[in-house]
Amino acid sequence: MKYWLLKTEPESFSIQDLAAAPNRTTCWDGVRNYQARNFMRDEMQVGDRVLFYHSNANPPAIAGTAIVVREACPDPTAWKRGDAHFDPKASPDNPIWQMVDIQLDEIFPAPLSLDALRKVPALKGMELLRRGSRLSVQPVKKSEFDAVLKLAKGDEGIGRPKSC
DNA sequence: GCCAACGTTGGC
DNA sequence: GCCAACGTTGGC
């Protein structure tokens, strides 16, 4: 099983929108970056876990988790004239762009802001926290995913003292 | 709204 | 294939 982070601007599609969607599931369409597409097309599998990230938000934050429920397939919005992500080079015969389906897993009790994430030692090398990181689909290490879940549950600093 | 980072485009 | 111009992302 692999772990991912998907970015979305909550103004256009938020985790609340996902919660309200039929079957709490949505097509992750509109990705128009080759590296991001390749991750979806070549590496994402049904059952993979996803961190759901709100970019251009106040504050920017990981808002919850989701699960990949359908592997990559052609993204029909690419050849839909007038669509915000219309690509004149794409067609049903040459789709170019792909999408997956994701289903909401959980909304965190409190979103984990970039600020808070930067304070977690286990996340030091996380792609999201890299300066200039712009990829909207990025791989996440298991250790990072686990650290995020732990932070979301408010476990940090509580429990067994480090010295024991 | 600024601007750094980085992807894409297109002339050559 | 180089690279300057341009567009986009996204934190601040």
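The model shown is predicted, which means the values in this text are computed figures rather than measured ones. Side chains are part of it too, since the values below use all heavy atoms of this structure and drop only hydrogens, waters and symmetry mates. Each chain gets a letter, A, B and so on, in the order the sequences are listed, and its residues count up from 1.
Between A:Lys142 and A:Asp146 there is a salt bridge, since a side-chain N of the basic residue sits under 4.0 Å from a carboxylate O of the acidic one. Salt-bridge annotation for A:Asp105 and A:Arg49: present, with a side-chain N of the basic residue lying under 4.0 Å from a carboxylate O of the acidic one.
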_Does A:Asp87 form a side chain to side chain donor-acceptor pair (under 3.5 Å) with A:Trp97? I'd like the steps, not just the answer._
CA-CA 9 Å; A:Asp87 178 354; A:Trp97 304 110; 2.7 Å; yes
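Heavy-atom contacts of chain A under 4.0 Å fall on DNA chain B between two terminal nucleotides, which in 5' to 3' order are B:dA4 to B:dT9.
The distance from atom CZ of A:Arg118 to atom CE of A:Met126, rounded to the nearest 0.5 Å, is 11.0 Å. Rounding to the nearest 0.5 Å places OG1 of A:Thr8 at 11.5 Å from OH of A:Tyr53.
Nucleic acid contact for A:Arg32: none, since no nucleic acid atom lies under 4.0 Å from a heavy atom of the residue.
Taking the nucleotide of DNA chain B with the nearest heavy atom to each of A:Arg134 and A:Asn56, the more 5' of the two is matched to A:Asn56.
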